[in-house]
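Below is one structure, written out as structure tokens, with a few remarks after it.
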Amino acid sequence: MKHVNAYPFVGKDYEKGFLNSGKKVLILGHSHYDADSAGCPCHHSFTIDMMDGFLSGEDGAFYKGFTSQTKALMNREISVDDREYVWNQVAFYNFIQFNLEAPGVKETDEQFNRVSSSVFQFLVSKTM
């Protein structure tokens, strides 16, 4: 699909809904960060690979946001098992389809404008 680089992460229990409520939750992030490939399009499996690493217990500064979101959703401190429990019930996607150098670095107008309705159509097809 035009302008779709990275595919969303869809948790293995996503179809059951968050907390088995039947309500599907998509967490929309901003972008991926990779100083070595800043400005380059994200590859198709980047989001999925990153989330698989987080769920398997990998630790790194770039997972800080996911840890904070998990704590907020659980309303307590979390374990690696909690990571899997929460994130396997949701879908996650980053809006900007290009790697940015670091948090706080703004995308270019071109990178922002390349995100089109086709990205949202793609998300709907993968998460609904």
Can you tell me how far apart [atom1] ([X]) and [atom2] ([Y]) are? Round to the nearest 0.5 Å.
{"X": "Q69", "Y": "K64", "atom1": "CD", "atom2": "NZ", "value": "12.5 Å"}
{"X": "R76", "Y": "T70", "atom1": "CZ", "atom2": "OG1", "value": "10.5 Å"}
{"X": "D13", "Y": "F18", "atom1": "CG", "atom2": "CZ", "value": "12.0 Å"}
{"X": "C40", "Y": "Q97", "atom1": "SG", "atom2": "CD", "value": "13.5 Å"}

Is the backbone N or O of [Y] less than 3.5 Å from a side-chain atom of [X], with the two atoms forming a donor-acceptor pair by type?
{"X": "E101", "Y": "A35", "result": "no"}
{"X": "E107", "Y": "F98", "result": "no"}
{"X": "D82", "Y": "S79", "result": "yes"}
{"X": "Q111", "Y": "T108", "result": "yes"}
{"X": "T67", "Y": "Y63", "result": "yes"}

Within-4.5 Å side-chain heavy-atom neighbours: [X] and [Y]:
{"X": "K106", "Y": "F112", "result": "no"}
{"X": "N75", "Y": "L73", "result": "no"}
{"X": "L28", "Y": "F92", "result": "no"}
{"X": "N88", "Y": "L55", "result": "yes"}
{"X": "F9", "Y": "D52", "result": "yes"}
{"X": "W87", "Y": "F66", "result": "yes"}

Write down the atom of [X], the atom of [Y], and the distance for their closest heavy-atom approach.
{"X": "S31", "Y": "I96", "result": "CB-CB, 3.8 Å"}
{"X": "P41", "Y": "N5", "result": "CB-ND2, 3.3 Å"}
{"X": "L100", "Y": "V105", "result": "CD1-O, 3.3 Å"}

message = Let me check something: do M74 and V90 share a hydrophobic cluster, defined by ILVMFWY side-chain heavy atoms less than 4.5 Å apart, either directly or through other members?
response =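 In one cluster: yes.
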
request  = Say whether V80 and I78 are linked into one hydrophobic cluster, either directly or through other cluster members, by side-chain heavy-atom distances under 4.5 angstrom.
outcome  =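 Different clusters.
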
ask   = Quick one: side-chain hydrogen bond (donor to acceptor under 3.5 Å, both in side chains) partners of K16, sequence neighbours excluded?
value = none

inquiry  = What I want to check is whether the side chains of Y14 and Q89 have a donor and an acceptor closer together than 3.5 Å.
reply    =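 Distance-only check fails for Y14 and Q89.
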
message = Side chains of N99 and S37: any donor to acceptor distance under 3.5 Å?
response = yes

inquiry  = By the ring pair (Phe, Tyr, Trp, His ring centres under 6.0 Å) test, which pairs, at least two apart or in different chains, include something from residues 25-44?
reply    = Y7-H44, H32-F46, H43-F46

task = Is it possible for you to check whether R83 lies under 6.0 Å from the centre of the six-membered ring of F54, through NZ or CZ, and within 45° of that ring's axis?
result = yes

